[in-house]
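Lettering of chains follows the sequences in order, A, B, ..., and the numbering in each one begins at 1. Bear in mind the structure is a predicted one, so any value in this text is a computation, not a measurement.
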Amino acid sequence: MPELPEVETVRRGLSKYFANEKIVAVQVLYRKLLLGDPEEFIQQVTGSTVREVDRRGKFLLLRLNNRQTIVSHMRMEGRYAIEDGSAQPRKHTEAIFKLANGSQIFYDDTRKFGKMQLVVTGQETEEVRSLATMGPEPTEATLTLDYLFARLQKSKKAIKGWLLDQNNLAGLGNIYADEVLWMSKINPLRPACRINREEAELLRENIIQELAFAIDQGGSTVHSFIDASGHAGHMQDKLHAYGRVGQPCERDGYELVKIKVAQRGTTYCPHCQK
DNA sequence: TGAGATGTTCACAT
DNA sequence: TATGTGAACATCTC
C-alpha cells in the first residue's frame, strides 16, 4: 500500500535502474493498466530513454527523452521490480520494460487498481485531474502553518478523512494518517475545524518529520510493498498506532482500539487522543 | 463456504 | 459546494 514514503523509495530505485538505459521493448499484459490507447503507449515508449523519475504525492512521473511522461499510480498493490533478462512474467505482471543493458523492469499489481498514462511532459496537470487539484507536498517549505490552519478551519470533516484527502495535502495514506494523529494526540473523529493553531503546528511538524523518517527507513512493508530492487522497508517496525489494535498505547498503556472513519480502518488510543 | 476486510481514487448521490 | 458512498479488483482471514 504505497503512500508517499513508499513511492519515494520506489522513485529512487527506478531512477537508478532506468538510468539513461534505452527501453528496447515494452510488453503490456493487462491493457486496462493503461489510460488511453495501449498501441500509442507502446509505440511512444519503445526506443525512448527515461531521463529521470519525479514524484508528486503518490504519483510517479517517468520523464522520457521524447517529451512524453509516463504518469504511474500504484494505488494499493502496484509494484515495480528489477529482473534479469531471463525472468518470465508472473501471475500478476501487467507490464514489462526491456532495457538495452539486458535487464527488465516488471510492473506487477495483484489487485489491478494501479494505472499508467502517457502525457506530454509539462501537460500533466491538464491531463490528470488529481494532479491539478493536489495539495502541497508535506515539506517544511511547502506545507506552511498558515495554509494548513486556514484550510483546516474550512472543513467539518473528521480529521482522519481530511488528512487522506490529497487536495488538502499530498502523500498521506491510511498508515501515516493514523501515525501522525497518534503522535499529535488528536482523535481521528475530531472535525478538522475544531483543531486549534497550536495543535495544527504540532500536526504539521509530525507530518513532515514522520514522512521524512519513513523515507529514511525505506518505507513500510505491511502487505506487499517492496522497493524496486526487492527489499522490504523497515518502517513497519516503527509504527505506534497502525496495525496495533488491542496492544497497549506506547504513551499511556491503554488498549488501542479500531474504528471506521471515512470508510477506512482507523487505530487510535481513546485515552490520550482527544 | 462465503462474508468481510484490505486501501486509493474516481464517479455519482445527497 | 461539501461531504458521503460504492465501485474498480484479488486475496486472505475467520
Spacing of [X] atom [atom1] relative to [N] atom [atom2], expressed in whole Å:
{"X": "A:Arg111", "N": "C:dC12", "atom1": "CZ", "atom2": "P", "value": "12 Å"}
{"X": "A:Asn167", "N": "C:dT3", "atom1": "CG", "atom2": "P", "value": "11 Å"}
{"X": "A:Gln117", "N": "B:dC10", "atom1": "CD", "atom2": "P", "value": "10 Å"}
{"X": "A:Lys258", "N": "C:dT13", "atom1": "NZ", "atom2": "C1'", "value": "12 Å"}
{"X": "A:Glu94", "N": "C:dA10", "atom1": "CD", "atom2": "C1'", "value": "11 Å"}
{"X": "A:Ile259", "N": "B:dT6", "atom1": "CD1", "atom2": "P", "value": "12 Å"}
{"X": "A:Asp165", "N": "C:dG4", "atom1": "CG", "atom2": "P", "value": "11 Å"}
{"X": "A:Lys156", "N": "C:dG4", "atom1": "NZ", "atom2": "P", "value": "11 Å"}

Problem - Residue whose closest nucleotide on DNA chain B lies nearer the 5' end, A:Arg129 versus A:Gly173 - result: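 By nearest-heavy-atom nucleotide position, the 5'-most residue is A:Gly173.
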
Practice task
Give the minimum heavy-atom separation between A:Glu3 and A:Ile175, together with the two atoms involved.
Solution key: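 Closest pair (atom of A:Glu3, atom of A:Ile175, distance): OE2-N, 2.8 Å.
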
Phosphate contact ([N] OP1 or OP2) by [X] side-chain N/O below 4.0 Å:
{"X": "A:Gln166", "N": "B:dT9", "answer": "yes"}
{"X": "A:His92", "N": "C:dA10", "answer": "no"}
{"X": "A:Ser155", "N": "C:dT3", "answer": "yes"}
{"X": "A:Ser130", "N": "B:dC10", "answer": "yes"}
{"X": "A:Lys260", "N": "C:dT5", "answer": "no"}
{"X": "A:Lys91", "N": "C:dT11", "answer": "yes"}

Exercise for the section: Could you tell me whether the side chains of A:Lys160 and A:Thr266 share a donor-acceptor contact shorter than 3.5 Å? Expected result: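 Side-chain D/A pair, A:Lys160 to A:Thr266: present.
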
Practice task
Could you please name the option among B:dT6, C:dC9, B:dC10 that lies closest to any side-chain atom of A:Tyr30?
Solution key: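 Nearest to the side chain of A:Tyr30 among the choices is C:dC9.
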
Problem - B:dT1 to C:dC9 separation - P atoms, rounded to the nearest Å - result: 25 Å

Practice task
Answer yes or no: does atom NZ of A:Lys154 have more than 12 heavy-atom neighbours from other residues, nucleotides or ligands under 6.0 Å?
Solution key: no

Practice task
Answer with base, sugar-phosphate or nothing: what part of the nucleic acid does A:Lys115 contact at a heavy-atom distance below 4.0 Å?
Solution key: nothing

Handout entry: A:Arg197/A:Glu201 salt bridge by N-O under 4.0 Å criterion
Key =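 A:Arg197 and A:Glu201: not salt-bridged.
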
Practice task
Run the salt-bridge test on A:Glu8 and A:Arg55 with the 4.0 Å N-O cut-off and return the result as yes or no.
Solution key: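 A salt bridge links A:Glu8 with A:Arg55.
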
